[in-house]
Amino acid sequence: MRSHHCNELRDSHIGQTVTLIGWVNSARDHGGVIFIDLRDREGLTQCVFHPEENPEVSALSHTLRDEDVVQVVGRVSRRLAGSENAKIQTGAVEIVATGLTIVNKADVLPFQLDKELSNEDLRMKYRYLDLRRARMSKNIRQRSVITSAARRYLDETGFYEIETPILSNPTPEGARDFLVPSRLNPGRFYALPQAPQQYKQLLMVAGVEKYFQIARCFRDEDLRADRQPEFTQIDIEASFVTQEDIIKLVEGLLVNMFKAGLGIEVAASFPRMTYQDAMDIYGSDKPDTRYAMKITDLGEVFSATEFKIFRSILDGGGVVRAINAKGFATITTGQMNRLNEIAVQAGLPVKNLAFVKYENGEYKSPLWKIFTDVEKAAVITTLDLAEGDIVFFAAGSRESVSTILGRVRTEAAVMMELTKDSTAFNFLWIVDFPLLAHDEETGHWAAVHHPFTRPHPDDMEKLEAGDYA
RNA sequence: GGAGCGGUAGCUCAGUUGGUUAGAGCGCCAGCCUGUCACGUUGGAGGUCGCGGGUUCGAGUCCCGUCCGCUCCGCCA
């Protein structure tokens, strides 16, 4: 029903008669001449209807409304000098319409397609319209391209793509299962997989050696803005490989996916950081390194302090640490309240974060007067405290200080608009995760990442000795 | 399970200390317009202010309840 897509026509097609089919992206009726931008999944082409070209077609074109589905026949023509449109790929040409078929008239739209829309209910209700929007259409295409690149890469590196069951046995650990009642066994249930974990390990035992799956996973837990009950992950398992092999594999995978999806050449090898460094320096096991604002230890600065709170924490084996939010002395009262709230949620035992602000040549701080001159000088040099900066302190156990300052760091960065650059990716490997961590509140040991992990070579001995303590 | 924010026209939102007929932009409908590209222009239609109750001479606005949505913590990797 078409000879070309709406992104195809160029100077070189001038003079040809073509047929396009798609949606009316916008109709501009000038009384005499009428323009429409015709849209299909590939792009836009401007079509012109002249009364003198074909009066009937021109008359019909007056009735066109946005999102009508139409088929246009016409001549590819050079646009009038000065009326080219650089914003679209086909902006050098236009179709002088000689024929018009209205395939389907559109209803009045419940929302406008050329604007960002925050109302997700409405977007879901009219998902078929939401997906017509340029941004969504681009995402759909991009996802397909990225998935395809991942498949190709993993295929070329010797991986089998294998589908594992969706209806499976409930597992007691981990996320809450979605359950599906069994018709043949009343009162019993299937679970939907949280991950293909057990199946892929069975595949390794079975001798498959290299497996992958673009796997749909289900977790019946509460949502977040970036967390849905069902999602897709690229699931990989391999036998007879080292950590180094897996790192190289995944780096190659990401290089290919980013090139295919975004046209970006990312470095072939990513920096690495230990879990402990990540927690100490960034207060997170997934640090955003696009900005610094590193957590700095002040143990030496306050080694001889007589400030009671710091003294007792340091003597008790705790830490005193701080971050410098450079240039954020402009923080508003509302922002400060928000940071305090976050710090309290993260475990700050008092209501307000201790801070030092250096503004207009003056240090402003609730605890500045408590510090000795030597301590002040050390704080200033250690944290590089300069005009316009604000420093936030936290004291306590190493873990709790990391959590508190990590959250404050992340939130302050958002407030300071340091996270807006969506073209910087800063890939980073976090290595040497501990298998378990002790929860101070419950007294339980819990998996830090997940329990399906081979022990570190240094710890193999302990496992063989049966030393599980 | 907990906390915060929100619900006013088809959409996005404004609405002051409680006060006359609840507004704007976009969209929609009609007219005009032969070179626009978010066309322009003139006019018009469109409202159970989420729902229920209360206070008041008077409630979009204050109080109580309730429903729905979003964000975060817990939870989840």
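It should be emphasised that the depicted structure is a prediction, and the values quoted were computed from it without experimental measurement. Chain A is the first sequence line, chain B the second, and so forth, proteins listed ahead of strands; every chain is numbered from 1.
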Next on the checklist: Reading RNA chain B from 5' onward, which residue's closest nucleotide shows up sooner: A/Ala225 or A/Lys115?
Outcome noted: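 On the 5' side of the pair lies A/Lys115.
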
Checklist entry - Closest nucleotide of RNA chain B for A/Asp121 versus for A/Gln46: which of these residues is on the 5' side? => result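 Its nucleotide being nearer the 5' end, the pick is A/Gln46.
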
Between [N] and [M], how many Å separate the two [atom1] atoms, rounded to a whole number?
| N | M | atom1 | value |
| --- | --- | --- | --- |
| B/rC70 | B/rG54 | P | 32 Å |
| B/rU17 | B/rC73 | P | 34 Å |
| B/rA59 | B/rG19 | C1' | 10 Å |
| B/rA14 | B/rG31 | C1' | 31 Å |
| B/rC49 | B/rA22 | C1' | 8 Å |
| B/rG18 | B/rC57 | P | 16 Å |
| B/rU42 | B/rC5 | C1' | 42 Å |
| B/rU55 | B/rG47 | C1' | 26 Å |

Checklist entry - Looking at residues at least two apart in the chain, or sitting in another chain, which of them share a salt bridge (charged side-chain N to carboxylate O under 4.0 Å, His left out) with A/Asp226? => result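 With sequence neighbours excluded, A/Asp226 shows a salt bridge (charged side-chain N to carboxylate O under 4.0 Å, His left out) to no residue whatsoever.
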
Tell me the salt bridge (charged side-chain N to carboxylate O under 4.0 Å, His left out) pairs involving [range], sequence neighbours left out?
| range | result |
| --- | --- |
| residues 2-17 of chain A | A/Arg2-A/Asp40, A/Asp11-A/Arg78 |
| residues 233-242 of chain A | A/Lys200-A/Asp235, A/Lys200-A/Glu237 |
| residues 118-127 of chain A | A/Arg123-A/Asp130, A/Arg127-A/Asp130 |

Once you round it to whole Å, what is the distance between [atom2] of [N] and [atom1] of [X]?
| X | N | atom1 | atom2 | value |
| --- | --- | --- | --- | --- |
| A/Ile34 | B/rC33 | CD1 | P | 12 Å |
| A/His62 | B/rC29 | NE2 | C1' | 17 Å |
| A/Asp29 | B/rU36 | CG | P | 15 Å |
| A/Asp66 | B/rC37 | CG | C1' | 12 Å |
| A/Glu67 | B/rA38 | CD | P | 16 Å |
| A/Arg123 | B/rC70 | CZ | P | 12 Å |
| A/Gln194 | B/rA77 | CD | C1' | 11 Å |
| A/Phe35 | B/rC37 | CZ | P | 9 Å |

Item to check | Side chains of A/Gln345 and A/Glu341, donor plus acceptor under 3.5 Å | outcome: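 No, A/Glu341 and A/Gln345 have no side-chain donor paired with an acceptor closer than 3.5 Å.
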
Checklist entry - Does a donor on one side chain sit under 3.5 Å from an acceptor on the other, for A/Thr289 and A/Asn426? => result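 Distance-only check passes for A/Thr289 and A/Asn426.
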
Checklist entry - For every nucleotide of nucleotides 3-15 of chain B, 5' to 3': is a protein heavy atom under 4.0 Å from its base (B), only from its sugar-phosphate (S), or from neither (-)? => result -------BSS---

Checklist entry - With sugar-phosphate meaning primed atoms plus P, OP1 and OP2, does A/Asp285 contact a base, only sugar-phosphate, or nothing at under 4.0 Å between heavy atoms? => result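 Base contact.
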
Next on the checklist: Under 4.0 Å, counting only non-hydrogen atoms across every strand here, what does A/Glu411 touch: a base, just sugar-phosphate, or nothing?
Outcome noted: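 Nothing, no nucleic acid heavy atom in range.
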
Item to check | Any N/O donor-acceptor pair, A/Arg227 side-chain to B/rC75 base, under 3.5 Å | outcome: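 For A/Arg227, whose side chain was compared with the base of B/rC75, there is a donor-acceptor pair (under 3.5 Å).
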
Item to check | Base B/rC76 paired with A/Arg219 side chain (donor-acceptor, <3.5 Å) | outcome: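 No such pair is found, so the answer is no.
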
[X] side-chain N/O to [N] phosphate OP1/OP2 under 4.0 Å:
| X | N | result |
| --- | --- | --- |
| A/Arg65 | B/rC29 | yes |
| A/Arg224 | B/rC73 | yes |
| A/Arg176 | B/rA77 | no |
| A/Arg28 | B/rU36 | no |

Checklist entry - Less than 6.0 Å separating the ring centroids of A/Phe258 and A/Phe427? => result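 Here the rings of A/Phe427 and A/Phe258 have centres that are less than 6.0 Å from each other.
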
Review item, side-chain donor-acceptor pairs of residues 93-101 of chain A, under 3.5 Å, at least two apart:
{"residue": "A/Glu94", "atom": "OE1", "partner": "A/Gln46", "partner atom": "NE2", "Å": "3.0"}
{"residue": "A/Thr98", "atom": "OG1", "partner": "A/Val73", "partner atom": "O", "Å": "3.3"}

Checklist entry - Can you list the stems that include RNA chain B, where a stem is three or more consecutive Watson-Crick or G-U pairs with distances under 3.5 Å? => result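 So far as stems of 3 or more pairs are concerned, RNA chain B shows B:1-7 with B:67-73, B:10-13 with B:23-26, B:28-32 with B:40-44, B:50-54 with B:62-66.
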
Next on the checklist: Tell me whether A/Arg132 is salt-bridged to A/Glu67, with the criterion being a basic N under 4.0 Å from an acidic carboxylate O.
Outcome noted: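 Answer for the salt bridge query: yes.
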
Item to check | Basic-acidic side-chain contact under 4.0 Å: A/Arg227, A/Asp222 | outcome: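 Answer for the salt bridge query: no.
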
Item to check | Results of ring pair (Phe, Tyr, Trp, His ring centres under 6.0 Å) for A/His30 - residues two or more places apart only | outcome: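 Partners of A/His30 by the ring pair (Phe, Tyr, Trp, His ring centres under 6.0 Å) criterion, ordered by chain and then number, come out as A/Phe35.
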
Next on the checklist: Checking A/Tyr160 now: which residues fulfil ring pair (Phe, Tyr, Trp, His ring centres under 6.0 Å) with it, not counting sequence neighbours?
Outcome noted: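 A/Tyr160 satisfies ring pair (Phe, Tyr, Trp, His ring centres under 6.0 Å) with no other residue.
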
Next on the checklist: Can you list everything that forms a side chain to side chain donor-acceptor pair (under 3.5 Å) with A/Gln71? Sequence neighbours excluded, please.
Outcome noted: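 Side chain to side chain donor-acceptor pair (under 3.5 Å) check on A/Gln71 returns nothing, list empty.
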
Listed pairs under 3.5 Å, donor-acceptor, residues 14-27 of chain A side chains, sequence neighbours left out:
{"residue": "A/Asn25", "atom": "OD1", "partner": "A/Arg39", "partner atom": "NH1", "Å": "2.7"}
{"residue": "A/Ser26", "atom": "OG", "partner": "A/Arg28", "partner atom": "NH1", "Å": "2.6"}

Checklist entry - Contacts to RNA chain B from residues 74-88 of chain A, heavy-atom cutoff under 4.0 Å, which residues? => result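 Correct list: A/Arg79, A/Leu80, A/Ser83, A/Glu84, A/Asn85, A/Lys87.
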
